[in-house]
Number of protein chains: 2
Amino acid sequence: MVSKTDRIPATERREQILEAATRVFGELGYAGATTDRVAKAAGISQPYVVRMFGTKEQLFIEVLERTCTLIIEALDRAVADEASEKPVGPRIGEAYVHLVETERGVLLALMQGFILGHDPNIGPVARRGFLRIYDRMRDVMSADEAMRFMAQGMLINTLIASNLTIRIDEDERVDELFACTFGDKLGLVLEGLNRTA
Amino acid sequence: MVSKTDRIPATERREQILEAATRVFGELGYAGATTDRVAKAAGISQPYVVRMFGTKEQLFIEVLERTCTLIIEALDRAVADEASEKPVGPRIGEAYVHLVETERGVLLALMQGFILGHDPNIGPVARRGFLRIYDRMRDVMSADEAMRFMAQGMLINTLIASNLTIRIDEDERVDELFACTFGDKLGLVLEGLNRTA
DNA sequence: CCGTGAAGTAATCAGTCGATTACCACTCCC
DNA sequence: GGGAGTGGTAATCGACTGATTACTTCACGG
């Protein structure tokens, strides 16, 4: 039934599942997502997902940690970018906006992790992740700037999580809010949305 | 089995359930919460919860709308407060912080609604709620100020949703972040946390 | 060519949860 | 005092879902 090409090394398959799970968890949340939907998104069977990660909870934890790592890496690249002569603040902002258009699932999964702070197993991972990102910001800016950056990030996360993007060009209040939030990077965002849609 | 005093007019009982559901949904999210937990939190049986609101989804929608209304009312009171000679911005900030310490469940439920933007029935309600709050802010401040206020609010929501408060006085980065986020209102927040704990 | 391990699935089980049904208790009014 | 409406529950059902089990297929080394 299964053709030769469907058999893939476990490490590679693992990455595929994590990627699919990021999208599924990002959209539906931890409790709302099912291992079967993750499996279907990854193109494999449900039992294989469970066997590879042990439990749904463990899968989510790995998704969450990978998510934080991806974000930090993206921000690090922006900080280290020698080519740009812009100051570090705008460069980081731009990097975050870039994540919005390319890896929306990552930001959504991050958000889904943050609101599970009460959970005895996932909560600590979420808090560590939050602080990892905050720490990275603190390395290159003041506490006040870092706080504002996080605040702006949480607003952006909320805007895309609530799907307010679908009301752009439809509700002028939404247009205004997006213009204010993304500033001169608004064009990038709109472009990214068109590409996904 | 049920003593006389447990029989309560439906309208009053309805409010009790909404209050309990706000706490439960706020902590566990929509998918993570069960109608049975809401029922237990309200001190009644599970079937009664379902019968009064029709479905779990409808209950959540009513919780979400009530949540937005409560927040807007609190902000309106702050705006209308003639006694204070502070400018409107700080007054609103103070009102929001006050919500953190008195009605944490409300803010958490709001957050839980926002991240359900993909849901065909709940999503529109969440977006309307977000815009209702944003609009209210726009009545009394510039678009840029309103955006910053929303961003700060989303950061505050995330901080309490992720339960980072439990690491106050334990991790100096957390202390710093909270100090920056709440500024001169930090004392109020800490006081409120002690009272709840 | 055989057997061993890796990749993967079908079938199924056990628990959970939202919803439904049928019923009970009390009050008020005629 | 009886029946009609209101406030409420116990029992249960059906669907869903995470996890388990047992099986299949294939590549490869000796």
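Chain identifiers are assigned alphabetically (A, B, ...) following the order of the sequence lines, protein sequences preceding nucleic acid strands; residue numbering begins at 1 within each chain.
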Taking 4.0 Å as the cut-off, does a side-chain nitrogen or oxygen of [X] come that near to OP1 or OP2 on [N]?
{"X": "A/Y48", "N": "C/dT9", "answer": "no"}
{"X": "A/T35", "N": "D/dG18", "answer": "yes"}
{"X": "B/T34", "N": "C/dC17", "answer": "no"}

Original post:
Which part of the nucleic acid, if any, lies within reach of A/A31 when heavy atoms closer than 4.0 Å are counted: base, sugar-phosphate only, or nothing?
Top reply: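 Answer is nothing: A/A31 stays at 4.0 Å or more from every strand.
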**OP:** Indicate, with a heavy-atom threshold strictly under 4.0 Å, whether B/A33 touches base, sugar-phosphate, or nothing.
**Re:** sugar-phosphate
Original post:
If you pin A/T55 and B/P9 to their nearest nucleotides in DNA chain D, which one's is more 5'?
Top reply: B/P9
Grab the [atom1]-[atom2] distance between [X] and [N] for me, whole Å please.
{"X": "B/I8", "N": "C/dA25", "atom1": "CD1", "atom2": "C1'", "answer": "16 Å"}
{"X": "B/I17", "N": "D/dG8", "atom1": "CD1", "atom2": "C1'", "answer": "11 Å"}
{"X": "B/M52", "N": "C/dG18", "atom1": "CE", "atom2": "C1'", "answer": "17 Å"}
{"X": "B/D36", "N": "C/dC17", "atom1": "CG", "atom2": "C1'", "answer": "9 Å"}
{"X": "B/Q46", "N": "C/dT16", "atom1": "CD", "atom2": "P", "answer": "14 Å"}
{"X": "B/K40", "N": "D/dA10", "atom1": "NZ", "atom2": "C1'", "answer": "13 Å"}
{"X": "B/Y30", "N": "C/dC17", "atom1": "OH", "atom2": "C1'", "answer": "12 Å"}
{"X": "A/K56", "N": "C/dT16", "atom1": "NZ", "atom2": "C1'", "answer": "12 Å"}

Original post:
Does NZ or CZ of B/R14 come closer than 6.0 Å to the centre of the six-membered ring of B/F53, within 45° of the ring's axis?
Top reply: yes
Original post:
What nucleotide, of D/dA11, C/dT9, D/dG18, holds the atom closest to the side chain of A/I44?
Top reply: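 Nucleotide nearest to A/I44's side chain: C/dT9.
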Original post:
Mind checking whether B/F114 and B/F130 have parallel, tilted or perpendicular rings, split at 30° and 60°?
Top reply: perpendicular
**OP:** Kindly give the heavy-atom pair with the smallest separation between A/E101 and A/L188, and that separation in Å.
**Re:**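 The pair with the smallest heavy-atom distance is OE1-O, 3.4 Å.
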Original post:
When rounded to the nearest 0.5 angstrom, what is the spacing between CG in A/L28 and CD1 in B/I115?
Top reply: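 Going from the CG atom of A/L28 to the CD1 atom of B/I115 covers 10.5 Å.
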Original post:
Within the modelled atom types, does a donor on one side and an acceptor on the other bring the side chain of A/R7 and the base of C/dA6 under 3.5 Å apart?
Top reply: yes
Original post:
Hey, is the side chain of A/R51 pairing donor to acceptor with the base of C/dG8 inside 3.5 Å?
Top reply: yes
Original post:
Is A/L155 reachable from A/M141 through a run of hydrophobic residues whose side-chain heavy atoms are each under 4.5 Å from the next?
Top reply: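 Yes, one cluster joins them.
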